[in-house]
Chemist: 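Take a look at the following structure, please.
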Number of protein chains: 2
Amino acid sequence: MPVDNIDRVLVGDCIELMQSLPEASVDMVFADPPYNLQLGGDLLRPDNSKVDAVDDDWDKFGDPSESVGASFALYDKFTRAWLAAARRALKPEGTLWVIGSYHNIFRIGTALQDQGFWLLNDIVWRKSNPMPNFRGKRFTNAHETLIWAARDKAAKRYTFNYDSMKELNEGTQMRSDWLLPLCTGGERLKGEDGKKAHPTQKPESLLFRCIMAASNPGDVILDPFFGTGTTGAVARRLGRRFIGLERDPDYAAIARKRIAQIEPLAAEDVTPKPSKRAEPRIPFGVLIEAGLLQPGTVLSDQSGRLHARVRADGTLSASNAMGDHRGSIHQVGAALQGAPACNGWTFWHIDVAGSRRPIDHLRQQVRSGL
Amino acid sequence: MPVDNIDRVLVGDCIELMQSLPEASVDMVFADPPYNLQLGGDLLRPDNSKVDAVDDDWDKFGDPSESVGASFALYDKFTRAWLAAARRALKPEGTLWVIGSYHNIFRIGTALQDQGFWLLNDIVWRKSNPMPNFRGKRFTNAHETLIWAARDKAAKRYTFNYDSMKELNEGTQMRSDWLLPLCTGGERLKGEDGKKAHPTQKPESLLFRCIMAASNPGDVILDPFFGTGTTGAVARRLGRRFIGLERDPDYAAIARKRIAQIEPLAAEDVTPKPSKRAEPRIPFGVLIEAGLLQPGTVLSDQSGRLHARVRADGTLSASNAMGDHRGSIHQVGAALQGAPACNGWTFWHIDVAGSRRPIDHLRQQVRSGL
DNA sequence: GCCCAGAGTGAATCTCAGC
DNA sequence: TGCTGAGATTCACTCTGGG
């Protein structure tokens, strides 16, 4: 990726700009495209004040006098064009986020699937403070939907910081429904006239979670509908890099000014919690070589019912009604349980000073000594 | 509508059966179509037990060895055919519900919009007890999505019982995200072998809310994927009529038997709350006055461990090691738990026909009957 | 009868490095 | 590219059986 595009806001048509980026050069895409709202007329609150709705030209697709179907056709064409350009710019193991509402998210999800993206999750952003339904004709539209997708079905090694998400959720798995407030108050960018600078500014908390979940420090995050730069602001704070594409030079100027004021957090504060998978592998035999375990030691499972004997070559031997077993700590553990698989590190224990400890404890000693 | 189709389960292909129904004859459609899950191999839990996945033939579209795109093409063709048939059977001001997950809901939403349906809401069913993600590779898939749509954009006079929904939601507008548990325990239909009779049985609470929101007593509700008849059971209980279409005669037989055991609620209890009337909160004593609960009835918590007795003045009495307690349903519930507060409406249960139900259910009856 | 431990289960697109 | 084997991975709830 040419350095002169990184951490910059580029003004112009996002499809053309994405086509000018190197292929397979970005790690993650976050996109907040126009919603194609098709609002008919003004919406009034019960007190007859007018709701400041999205009525910008960039949210219009087709002539309002034409059929609804014609508008969808134009919107689909636009959607497929920018998605294809984003897919081209994405690394093979990168992922893409798109946010939308029921007006457009079904068009986008279908287009994603048709282009070969592989859906990983749909995420519901539950708004803690949504706008009520003033007419009383529908349920309060209290959420928006994000789709998180891998570039293709075969991409298995996409980034997902599972452990960080679990920590963020008080120790249990992060669910597909996120409760977050709208972007209001001091976070909401205002113009000199005191009015909101952008009609659909997203809360930084939403971007925080997407970026923390699916990227690593130093990754390049592309946002083709940059607006006032929420993606760039959060990316910079979290030690990620960004490429912002925005058609409107006024929005781009606001975004540049906003991001320049951001102070990146310290590197050690933005690194995802390391997963166990990322830790170096330790062959079981190393414990024997290191003298932490003697050949001939008898291991047992936690209950003390199953036993196996450590051999000098790093295998275990055991026997039960099914016969003799010899092999890795995992294979023998599985065989004795009659199970299809077994994690020998946590299954097997040794007795130390009267208490039973998993051999994983010894592995940790080796790792910390490396 | 010919009487001989009403309150019946018809066995056969749902598209052909819908085409044989009179045009514009049903008030509401509820559809739970196949999701086209495209699952891979087996999935094991960390304890090595196997997940009982949906692997039925009815959820297969195309040969798994062929491309993903080919499967979507078949699924789209099927979707558009049954949606067109459902639209034909629907009255001009009727509405349609479809439920799905991220595997299929985007295809369905797109097809709905393309056929001229007008989307009213997308509703998120947040599962209070979803299955976790066992491999730590994605967010917990903790919700499903329903789409609620009018037959066309011009239909303005569809049924939406706004005030009933508001009451069900403790006096504020019902939002587009609903927190409901899975269908488990006594509600889940089992075969003689003790295994679940249908792999994807939906909870009655979900149907309750859809039917209460978008239909009136006496309305005809069509379900083209009837399965074991949850739609019919709830429709009958709420004084609505139904037409159930089901391909599998075994499922149809289970559904017929199930529905025959349902006792419809009194007409005055299932009528939507008339709009434009500000209703007071329901004091607990009103349930006693209304005869829904007799003084002397013993309430229990969900586990059946804690008990309290209903008094004629609308208070409860109970005792435990800490002494005797008397007061409101909320106070006694809190005292018995040693908790600072308690929502008595959801904490206390009564046993009805062998199953335990929160007294909130009775409050809903009072409210819907007002 | 009560309490507690343990087993069971739900629409799920669920690993990955190294040879 | 495919195959092998290490080894990482679960939440809320219900039901059953033993003490």
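In what follows, chains carry the letters A, B, and so on, assigned in the order in which the sequence lines appear, proteins first and then strands, with residues in each chain numbered from 1. Keep in mind it's a predicted model, so treat the numbers as computed, not measured.
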Chemist: B:Leu179 has an atom CG; how far is it from atom C1' of D:dA12, in whole Å?
Modeler: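 Distance check: B:Leu179 CG to D:dA12 C1' gives 12 Å.
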Chemist: Name the one of A:Asp177, A:Asn121, A:Asp122 that satisfies side chain to side chain donor-acceptor pair (under 3.5 Å) with B:His143?
Modeler: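 Exactly one candidate clears the test, A:Asp122.
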Chemist: Does B:Glu187 reach a base, just sugar-phosphate, or nothing at all? Heavy atoms under 4.0 Å.
Modeler: nothing
Chemist: Restricting to side-chain contact (heavy atoms from CB on, under 4.5 Å), what partner residues turn up for B:Arg135, sequence neighbours left out?
Modeler: B:Leu43, B:Leu44, B:Asn133, B:Lys137
Chemist: Reading 5' to 3' and counting Watson-Crick or G-U wobble pairs with both distances under 3.5 Å, write the dot-bracket notation for DNA chain C, | for bases paired outside the strand.
Modeler: .|||||||||....|||||
Chemist: Which pairs would a plain distance check flag for residues 189-197 of chain B, meaning a side-chain donor or acceptor within less than 3.5 Å of a matching protein atom at least two apart in sequence or in another chain?
Modeler:
residue  : atom : partner  : partner atom : Å
B:Asp193 : OD1  : B:Lys195 : N            : 3.0
B:Lys196 : NZ   : B:Asp52  : OD2          : 3.4

Chemist: Give B:Gly41 one of three labels, base, sugar-phosphate or nothing, depending on what nucleic acid heavy atoms sit under 4.0 Å from its own.
Modeler: base
Chemist: Let me know, please, whether B:Asn133 or B:Pro33 comes out on the 5' side of the other along DNA chain C by nearest nucleotide.
Modeler: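 Taking each residue's closest nucleotide, the earlier one in sequence belongs to B:Pro33.
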Chemist: Categorize B:Gly40 for me: base, sugar-phosphate, or nothing, with a 4.0 angstrom heavy-atom threshold over every strand shown.
Modeler: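 Nothing, no nucleic acid heavy atom in range.
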Chemist: Of all the choices, C:dT9, D:dG7, C:dA11, which nucleotide is nearest to the side chain of A:His330 once you look at every atom?
Modeler: D:dG7
Chemist: Can you tell me the distance, in whole Å, between the NZ atom of B:Lys190 and the C1' atom of D:dT14?
Modeler: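 Those two atoms, NZ and C1', are 9 Å apart.
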Chemist: Could you give the CZ-to-C1' distance, from B:Arg126 to D:dA12, as a whole number of Å?
Modeler: 14 Å
Chemist: Report yes if at least one side-chain N or O of B:Asn141 is closer than 4.0 Å to OP1 or OP2 of C:dA12; otherwise report no.
Modeler: no
Chemist: State, with a plain yes or no, whether a side-chain heavy atom of B:Tyr35 is found less than 4.5 Å away from one of B:Thr200.
Modeler: no
Chemist: At what distance, to the nearest 0.5 angstrom, does CZ of B:Arg309 lie from CG of B:Leu316?
Modeler: 11.5 Å
Chemist: Would B:Lys60 pass as a cation-pi partner of B:Trp58, given that its NZ or CZ must be under 6.0 Å from the six-membered ring centre and within 45 degrees of the axis?
Modeler: no
Chemist: Which one, C:dA11, C:dC14, C:dG10, comes nearest to the side chain of B:Thr200?
Modeler: C:dA11
Chemist: Output the rounded distance in Å from CG (A:Leu120) to C1' (C:dT13).
Modeler: 10 Å
Chemist: Consider the side chain of A:Arg277, meaning its heavy atoms from C-beta on, and name the nucleotide among C:dG10, C:dA12, D:dA8 that approaches it most closely.
Modeler: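 Nearest listed nucleotide: D:dA8.
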Chemist: Which residues pass the side-chain contact (heavy atoms from CB on, under 4.5 Å) test with B:Pro132, sequence neighbours left out?
Modeler: A:Gln173, B:Phe134
Chemist: Round to a whole Å and report the spacing from CD of B:Gln302 to P of D:dA12.
Modeler: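 Value for this atom pair: 15 Å.
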Chemist: Between C:dA11, C:dG10, C:dT13, which nucleotide has the shortest distance from any of its atoms to the side chain of B:Tyr102?
Modeler: C:dT13
Chemist: Who passes salt bridge (Lys or Arg N to Asp or Glu O under 4.0 Å) against B:Asp59, sequence neighbours left out?
Modeler: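 Per chain and number, B:Asp59 pairs via salt bridge (Lys or Arg N to Asp or Glu O under 4.0 Å) with no residue.
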Chemist: Which of these nucleotides, C:dC14, D:dG7, D:dC13, is closest to any side-chain atom of B:Asn129?
Modeler: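 The nucleotide sitting nearest to the side chain is D:dC13.
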Chemist: Between B:His143 (NE2) and C:dA12 (C1'), how many Å, whole number?
Modeler: 13 Å
Chemist: Between A:Lys156 (NZ) and C:dT15 (P), how many Å, whole number?
Modeler: 6 Å
Chemist: May I ask you to list the residues of residues 160-169 of chain A, by number, that have any heavy atom positioned under 4.0 Å from an atom of DNA chain D?
Modeler: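 Those residues are A:Tyr162, A:Lys166.
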Chemist: Can you tell me if B:Phe134 is stacked onto the base of C:dC14, using a 5.5 Å centroid cut-off and an angle below 30°?
Modeler: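 Whether judged by distance or by angle, B:Phe134 falls short somewhere, so it does not stack on the base of C:dC14.
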Chemist: Going by side-chain contact (heavy atoms from CB on, under 4.5 Å), name the residues that satisfy it together with A:Gln302, two or more places apart in sequence or in a different chain.
Modeler: A:His349
Chemist: State whether B:Lys196 places a side-chain N or O below 4.0 Å from either non-bridging phosphate oxygen (OP1 or OP2) of C:dG10.
Modeler: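 Affirmative; the distance criterion is met.
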Chemist: Can you tell me which nucleotide in D:dT9, C:dA11, C:dA12 comes closest to the side chain of B:Leu37?
Modeler: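 The closest nucleotide is C:dA11.
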Chemist: Is the A:Trp148 to A:Trp97 ring centre distance short of 6.0 Å?
Modeler: yes
Chemist: Please list all pairs meeting salt bridge (charged side-chain N to carboxylate O under 4.0 Å, His left out) that have one or both residues in residues 61-75 of chain B, counting only residues at least two apart or in different chains.
Modeler: none
Chemist: Between the base of C:dA11 and the side chain of B:Lys202, is there any donor-acceptor pair under 3.5 Å?
Modeler: yes
Chemist: With sugar-phosphate meaning primed atoms plus P, OP1 and OP2, does B:Trp125 contact a base, only sugar-phosphate, or nothing at under 4.0 Å between heavy atoms?
Modeler: nothing
Chemist: Mind telling me whether C:dT13 is syn or anti, cutoff 90° either side of 0?
Modeler: syn
Chemist: Between protein and nucleic acid, restricted to nucleotides 17-19 of chain C and to nitrogen or oxygen atoms under 3.5 Å apart, what atom pairs and distances do you find?
Modeler:
residue : atom : partner  : partner atom : Å
C:dA17  : OP2  : A:Arg157 : NE           : 3.4

Chemist: Indicate whether OP1 or OP2 belonging to D:dA6 is found under 4.0 Å from a side-chain N or O atom of A:Gln331.
Modeler: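 Yes, such a contact exists.
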Chemist: Which pairs would a plain distance check flag for residues 72-79 of chain B, meaning a side-chain donor or acceptor within less than 3.5 Å of a matching protein atom at least two apart in sequence or in another chain?
Modeler:
residue : atom : partner  : partner atom : Å
B:Tyr75 : OH   : B:Pro34  : O            : 2.6
B:Tyr75 : OH   : B:Asn104 : ND2          : 3.0
B:Asp76 : OD1  : B:Arg107 : NE           : 3.0
B:Asp76 : OD2  : B:Arg107 : NH2          : 2.7
B:Thr79 : OG1  : B:Tyr75  : O            : 2.8

Chemist: Side chain of B:Arg45, base of C:dG8: donor and acceptor closer than 3.5 Å?
Modeler: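 Under the 3.5 Å cut-off, the side chain and the base do not form any donor-acceptor pair.
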Chemist: Of the options C:dT13, D:dT10, C:dG10, whose atoms approach the side-chain atoms of B:Leu182 most closely?
Modeler: C:dG10
Chemist: Of all the nucleotides listed (C:dT9, D:dG7, D:dT14), which has the minimum atom distance to the side chain of A:Ala341?
Modeler: D:dG7
Chemist: Just checking A:Trp178 against B:Phe139, ring centres under 6.0 Å apart?
Modeler: yes
Chemist: I'd like to know if the side chain of B:Ser101 pairs up with that of B:His103 as donor and acceptor (distance under 3.5 Å, no hydrogens or angles considered).
Modeler: yes
Chemist: Would B:Glu144 and B:Lys127 pass as an ion pair if we require N to O under 4.0 Å?
Modeler: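 Salt bridge flag = yes for B:Lys127 with B:Glu144.
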Chemist: Return the set of residues passing side-chain contact (heavy atoms from CB on, under 4.5 Å) with B:Ser319 (not counting sequence neighbours), or none when no residue passes.
Modeler: B:Asp324
Chemist: Is there a side chain to side chain donor-acceptor pair (under 3.5 Å) between B:Thr184 and B:Arg188? Walk through the geometry before answering.
Modeler: CA-CA 5 Å; B:Thr184 60; B:Arg188 188 86 193 210; over 6 Å; no
Chemist: Can you figure out which of D:dT10, D:dT9, D:dG7 approaches the side chain of B:Pro132 most closely?
Modeler: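 Within the option list, the nearest is D:dT10.
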Chemist: Choose from C:dA11, D:dC11, C:dC14 the nucleotide whose nearest atom is closest to any side-chain atom of B:Leu43.
Modeler: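 Per side-chain heavy atoms of B:Leu43, the pick is C:dC14.
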Chemist: Using whole Å, what does the distance between atom C1' of nucleotide D:dC11 and atom CE of A:Met174 come to?
Modeler: 15 Å
Chemist: Would you tell me if any nitrogen or oxygen in the side chain of B:Arg138 comes within less than 4.0 Å of OP1 or OP2 on C:dT15?
Modeler: no
Chemist: Within the 4.0 Å heavy-atom criterion, would you say A:Ser275 contacts the bases, only the backbone, or no part of the nucleic acid?
Modeler: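 Counting heavy atoms under 4.0 Å across all strands, no contact is made by A:Ser275.
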Chemist: Between the protein and nucleotides 1-6 of chain C, which nitrogen or oxygen pairs come in under 3.5 angstrom?
Modeler:
none

